[in-house]
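Below is one structure; the comments refer to it alone.
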Amino acid sequence: MFVTFEGVDGAGKSTLIATLSGRLHASGASVLVTREPGDGEFGKEVRGLLLDRHVCPEAELFLFLADRSEHVRNTIRPALERGDIVLCDRYGDSTVVYQGFARGFDIAMLKELNAFATGNLVPDRTFVLDLDPSEATKRRTKGDRLDLETNEFHQKVRDGFLSLAREEPSRFVVLDAAVTTESLVDQVLNSWPT
Ligand code: TYD
């Protein structure tokens, strides 16, 4: 089972994933929690390149895609083959939204690049944590390069995720992120893919 979590920066994905994985573990499930850009060796280097220095938008796109290819091949697919539940903090939809809806690259091209980069691995379910960008800004603590984008940028990100969710209602579930983590976990489990 491959489940991804998306949303504006600061929507609370990592807290939700940590709590959810605890609940799943407690029920005896085997769970892998992972993220993009990845936290393996390759992903750490990509993350460093992306977040610490100025990279042109085209190079930025290819770094996210390169990270995703490595991540799918070396981490996600092996875990799915073992029968694990994979919970991933951001995946291909982040590329479509950040590099497409927000930065202006062609959406259809980005979807094709994602399909190529992942060998067509599509999540069974994608939860979008939806939150007003000004509320998300208040919650953010890190202040890295992407976190410092304008409010207009974050608004485009929010609208982009909502638009993808409307296009593909069988995969996406949009959750109002302005509620407690426990309530979010309950809603996620109620919309669990079968
Ligand atoms: P990160 O610190 O992981 O943000 P967060 O903890 O909020 O997920 O930084 C990832 C940033 O990179 C985040 O702003 C979203 C952005 N991003 C893209 O622009 N394209 C992508 O394909 C991915 C995976 C992330």
Side-chain angles (χ1 to χ4, degrees), residues 1-25 29 31-40 43-44 46-47 50-51 64 67-68 71-72 75-76 79-80 84-102 114 118 121-149 151 153-166 168 171-193:
M1 189 73 62
F2 181 29
V3 179
T4 60
F5 298 82
E6 301 279 4
V8 294
D9 302 76
K13 289 184 278 73
S14 39
T15 313
L16 166 63
I17 293 170
T19 311
L20 173 65
S21 83
R23 291 259 290 261
L24 291 169
H25 269 301
V31 185
L32 176 85
V33 173
T34 187
R35 68 190 287 199
E36 291 197 358
D39 48 9
K44 277 192 192 126
V46 166
R47 183 174 279 270
L50 283 165
L51 301 179
F64 282 122
D67 176 57
R68 185 159 306 126
H71 191 213
V72 166
T75 305
I76 298 177
L80 293 173
D84 288 0
I85 295 172
V86 176
L87 306 178
C88 190
D89 187 341
R90 298 196 182 283
Y91 186 63
D93 299 307
S94 275
T95 299
V96 177
V97 166
Y98 281 83
Q99 279 63 56
F101 284 92
N114 266 336
T118 64
L121 181 68
V122 178
D124 298 295
R125 178 73 79 241
T126 297
F127 291 99
V128 172
L129 268 65
D130 182 51
L131 191 64
D132 188 288
S134 57
E135 190 54 40
T137 306
K138 283 189 222 150
R139 294 187 183 188
R140 281 200 290 272
T141 49
K142 287 178 298 179
D144 65 31
R145 184 169 63 84
L146 280 159
D147 282 353
L148 295 174
E149 295 285 356
N151 205 53
F153 178 89
H154 291 296
Q155 190 61 50
K156 285 185 189 164
V157 169
R158 180 192 200 183
D159 294 344
F161 282 123
L162 295 178
S163 160
L164 287 187
R166 276 192 300 273
E168 233 185 298
R171 172 161 68 93
F172 283 92
V173 172
V174 178
L175 301 174
D176 176 2
V179 300
T180 63
T181 305
E182 286 303 324
S183 156
L184 280 173
V185 171
D186 290 339
Q187 292 181 60
V188 164
L189 292 172
N190 285 337
S191 305
W192 202 246

Least distance between heavy atoms, [X] atom then [Y] atom:
{"X": "Phe161", "Y": "Ser94", "result": "CZ-OG, 4.0 Å"}
{"X": "Leu80", "Y": "Met1", "result": "CD2-O, 3.5 Å"}
{"X": "Ala79", "Y": "Leu32", "result": "CB-CD2, 3.8 Å"}
{"X": "Ile17", "Y": "Cys88", "result": "CD1-C, 4.4 Å"}
{"X": "Asp67", "Y": "Pro37", "result": "OD2-CA, 3.1 Å"}
{"X": "Ser134", "Y": "Asn151", "result": "N-OD1, 4.0 Å"}

Between [Y] and [X], is there a side-chain heavy-atom distance shorter than 4.5 Å?
{"X": "Phe101", "Y": "Asp159", "value": "no"}
{"X": "Asp132", "Y": "Arg158", "value": "yes"}
{"X": "Val96", "Y": "Glu6", "value": "no"}

Once you round to the nearest 0.5 Å, how far does [atom1] of [X] lie from [atom2] of [Y]?
{"X": "Thr34", "Y": "Ile76", "atom1": "OG1", "atom2": "CD1", "value": "6.0 Å"}
{"X": "Thr181", "Y": "Leu20", "atom1": "OG1", "atom2": "CG", "value": "11.0 Å"}
{"X": "His71", "Y": "Arg68", "atom1": "NE2", "atom2": "CZ", "value": "9.5 Å"}
{"X": "Asn190", "Y": "Gln187", "atom1": "CG", "atom2": "CD", "value": "7.5 Å"}
{"X": "Thr4", "Y": "Glu36", "atom1": "OG1", "atom2": "CD", "value": "9.5 Å"}

Problem - Stepwise side chain to side chain contact (heavy atoms under 4.5 Å, CB included) check, Ile85 with Leu87 - result: CA-CA 6 Å; Ile85 295 172; Leu87 306 178; 3.8 Å; yes
Problem - Donor-acceptor contact below 3.5 Å, side chain Asn114 vs main chain Gly92 - result: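 Judged by distance alone, yes, a pair lies under 3.5 Å.
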Exercise for the section: Output yes when Asp186 and Arg23 qualify as a salt bridge under the 4.0 Å nitrogen-oxygen rule, no when they do not. Expected result: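 Judged by the 4.0 Å cut-off on N to carboxylate O distance, Asp186 and Arg23 do form a salt bridge.
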Practice task
Indicate yes or no: does Asp9 engage Arg90 in a salt bridge with an N to O separation below 4.0 Å.
Solution key: yes
Problem - Partners meeting side-chain contact (heavy atoms from CB on, under 4.5 Å) with Val173 (sequence neighbours left out) - result: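 Here the qualifying residues are Arg125, Phe127, Leu175, Ser191.
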Practice task
Apply side chain to side chain contact (heavy atoms under 4.5 Å, CB included) to the pair Val157 and Tyr98, showing each step before the final yes or no.
Solution key: CA-CA 6 Å; Val157 169; Tyr98 281 83; 3.7 Å; yes
Exercise for the section: Would you tell me whether Thr19 and Glu182 have side-chain atoms, one donor and one acceptor, within less than 3.5 Å of each other? Expected result: no
Exercise for the section: Please lay out, stage by stage, how Leu24 and Leu189 fare under the test side chain to side chain contact (heavy atoms under 4.5 Å, CB included). Expected result: CA-CA 9 Å; Leu24 291 169; Leu189 292 172; 4.0 Å; yes
Problem - Chi angles and distances behind the side chain to side chain contact (heavy atoms under 4.5 Å, CB included) call for Lys13, Arg35 - result: CA-CA 10 Å; Lys13 289 184 278 73; Arg35 68 190 287 199; over 6 Å; no
Practice task
Give a yes or no on whether the ring-centroid distance for Tyr91 and Phe2 is below 6.0 angstrom.
Solution key: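 Between Tyr91 and Phe2, the centre distance is under 6.0 Å.
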